[in-house]
Structure formats: C-alpha cells, structure tokens
Amino acid sequence: MAFVRRKGNSFYLVHNVRRAGKVRQLYLARLGDRARITDEVVREASKRHPFVELNWKSLREQLNSQLELADPESPAVQNLVSSLRMLNLDLADLFPPLLRISESPRVAREILLQLRLLHSTIQVKLDQFDRERGRQGPAGASLGVR
C-alpha cells in the first residue's frame with residue numbers, strides 16, 4: 001500500500017515492500033513541498049516502478065482530504081497565502097509593454113496563455129466558494145468569507 005510521507009520540508013510517495021523478510025520503503029516519487037499527485041508524478045512513478053500497482057484515484061482523494069486549511073498557523077495555509085501574495089506582486093509588476101519588447105514572441109504568447117488559464121482557474125474557484133457560501137447562508141461563516 002502506497003502512502004505519503006513527509007521528510008524535512010518535502011513530501012514523498014512511498015510504498016512498503018518485503019525483501020529478505022524485512023520491510024523496506026521504496027520511494028516512488030518526490031512530491032515537493034506540497035503533497036500533490038499530478039499526471040507527471042503518475043507517469044514518472046509508473047515508468048520508474050512498472051511492477052508496483054497503485055490506485056492513483058484513491059491516493060489523490062486521500063491527499064485532497066488531508067489538506068489542513070482550517071488552522072491559520074498550519075504550513076499549508078502559510079504557504080498558500082504566501083504564494084498568493086507573491087503571485088499578486090509579480091502580476092502587478094507585469095505590464096503589456098514588457099511583453100511587446102520581449103526578445104521572444106514565444107515567451108509573450110506563453111505568458112498570455114498562462115494568464116488566461118489562471119483567470120479561468122480563479123473564476124472556477126470563486127464560483128465554487130460562492131456556491132458553498134450559498135449553502136452556508138449569507139454570512140458564509142464556515143468559509144470565513146464575507
């Protein structure tokens with residue numbers, strides 16, 4: 001059975017195997033500072049360890065249910081808020097003329113594509129929060145949103 005283990009500031013996907021009567025941990029993938037199982041993680045782990053069968057859907061659901069956003073002092077909340085602040089500052093410094101003077105039109109197109117994707121993702125998330133807030137009542141007490 002595979003599970004996520006934290007070592008230092010990083011998370012790893014590990015699997016216990018028996019060798020010579022002893023249990024050893026097989027490191028399947030490094031998940032980074034935020035435990036996320038992406039399609040890339042699935043591909044890499046499957047390629048590196050083709051004989052280990054995993055229920056990826058179950059692992060993803062398990063990780064999604066473990067994110068501790070209720071505690072404002074938790075590392076997950078602190079990292080999320082910090083990342084959002086830095087993204088806001090980086091975006092505030094990005095002006096269209098900077099993209100026009102870029103040496104590479106490919107870079108400008110990629111930045112615009114990522115900005116549009118970010119816009120869509122933010123809109124989906126805001127809609128999800130609005131729907132949840134509607135279920136909680138006008139104050140949105142459980143989300144802490146007003």
Salt bridge (charged side-chain N to carboxylate O under 4.0 Å, His left out) involving Lys47 - partner list, sequence neighbours excluded: Glu44

Does Asp127 have any salt bridge (charged side-chain N to carboxylate O under 4.0 Å, His left out) partners at least two apart in sequence or in another chain, and if so, which? none

Assess whether atom CZ of Arg6 is packed by more than 12 heavy atoms of other residues, nucleotides or ligands within 6.0 Å. yes

Quick one: list whatever passes side chain to side chain contact (heavy atoms under 4.5 Å, CB included) with Asn16, sequence neighbours left out. Phe3, Val23, Gln25

Test of understanding: with side chain to side chain contact (heavy atoms under 4.5 Å, CB included), list the residues that count as partners of Asp39, not counting sequence neighbours. Arg43, Arg60

Output for pair (Met86 CE, Leu91 CG), nearest 0.5 Å, gives 11.0 Å

NE2 of His49 to CG of Leu13: how many Å apart, nearest 0.5 Å? 9.0 Å

When hydrophobic residues are tied together by side-chain contacts of less than 4.5 Å, even through go-betweens, does [X] share a cluster with [Y]?
X     : Y      : result
Leu54 : Val42  : yes
Trp56 : Phe11  : yes
Leu87 : Leu126 : yes
Leu26 : Leu59  : yes

Under a 4.5 Å cut-off applied to non-hydrogen side-chain atoms, are [X] and [Y] in contact?
X     : Y     : answer
Val14 : Leu28 : no
Leu31 : Arg36 : no
Val17 : His15 : yes

Side-chain polar contacts of residues 106-120 - donor-acceptor pairs under 3.5 angstrom, sequence neighbours left out - could you list them?
{"unit_1": "Glu110", "atom_1": "OE2", "unit_2": "Gln114", "atom_2": "NE2", "d": "2.9"}
{"unit_1": "Ser120", "atom_1": "OG", "unit_2": "Arg116", "atom_2": "O", "d": "3.2"}

Side chain to side chain contact (heavy atoms under 4.5 Å, CB included) between Tyr27 and Lys7, intermediate numbers included: CA-CA 12 Å; Tyr27 283 80; Lys7 189 172 183 180; 4.2 Å; yes

Does any N or O in the side chain of Ser83 come within less than 3.5 Å of the main-chain N or O of Asn79, such that one atom is a donor and the other an acceptor? yes

Contacts of Glu53 that satisfy side-chain hydrogen bond (donor to acceptor under 3.5 Å, both in side chains) - sequence neighbours left out: none

